[in-house]
Amino acid sequence: MKHWLFKSEPEQFSIDDLRQSPGQTAHWDGIRNYQARNLIRDEIKQGDMVLFYHSNASPPAVAGTAKVARAAYPDHTAWDPKSDYYDKKSKPDDPTWFMVDVTFVEKFDEPLTLPEMKEIKALADMMVIRKGMRLSIQPVTRKEFDAVVREARKKNRG
DNA sequence: GCCAACGTTGGC
DNA sequence: GCCAACGTTGGC
């Protein structure tokens, strides 16, 4: 089982939106970056664990966790001319873009913020800490995943 | 709103 | 294939 960090702007799709989705499960659509696509398509498997990160938030933060419910399948929003994510080069018989399904696992009522993460030694090598790191799907180590969850729970105990 | 860091596009 | 111009991401 691998561990990941998925970024989402909470105004677009938040941890609460995931929790309120039917079956607390939603498809992670709109990936339009090849590096992220390759991870989605080739590396992410059912059962993998996800840190749900709110980007473009004040402050940016890990808001909870989720689990991959379904491995990669074609992102149909690429075929919909009315979708913001429409991409005419993706064809149903040769899809360019893929998505996975994720299921809500846990919400941190007090999210673990980026400034806090930067202070945690165990997270010093996390990609999301680095300046200019725009990749929206990032691998994290099991140690990093566990440290984020541990620190977030500690913070929420007060 | 600013802007640094990246990714993509397209002329050559 | 190079690289300048442009567009996007996302922290601040």
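In the text below, chain A, chain B and the rest are named by the order of the sequence lines, each starting its count at 1.
Rounded to an integer number of Å, the gap from A/Gln35 CD to B/dG7 C1' is 10 Å. Atom pair A/Arg134:CZ and B/dT8:P shows a separation of 9 Å (rounding to whole Å applied). Nucleotide B/dC6 holds its C1' atom 10 Å from the CG atom of A/Asn33, rounded to whole Å. Rounded to an integer number of Å, the gap from A/Ile129 CD1 to C/dG11 C1' is 12 Å. Whole-Å rounding puts the A/His54 NE2 to C/dC12 P distance at 17 Å. Taking atom CE on A/Met133 and atom P on C/dT9, their separation rounds to 13 Å, with Å as the unit. In this structure, A/Glu9 places its CD atom 8 Å from C1' of C/dT9, rounding to the nearest Å. Rounded to an integer number of Å, the gap from OH of A/Tyr85 to P of C/dT9 is 9 Å.
When all heavy atoms of A/Val128 and A/Lys7 are compared, the pair lying nearest together is CG2-CE, 4.5 Å. Summarising the geometry of A/Pro111 relative to A/Ala61, their closest heavy-atom pair is CB-CB, 3.6 Å, with the distance given to 0.1 Å.
Comparing A/Lys89 and A/Asn56, the nucleotide of DNA chain B nearest to each residue sits closer to the 5' end for A/Asn56.
Neither OP1 nor OP2 of B/dC6 sits under 4.0 Å from any side-chain N or O of A/Tyr34. Close to B/dA4, at under 4.0 Å from its OP1 or OP2, lies no side-chain N or O of A/Lys131.
Taking the six-membered ring for Trp and the full ring otherwise, A/Trp28 and A/Phe52 have centroids separated by under 6.0 Å.
There is no path of hydrophobic side-chain contacts, each under 4.5 Å, that joins A/Leu5 to A/Leu135.
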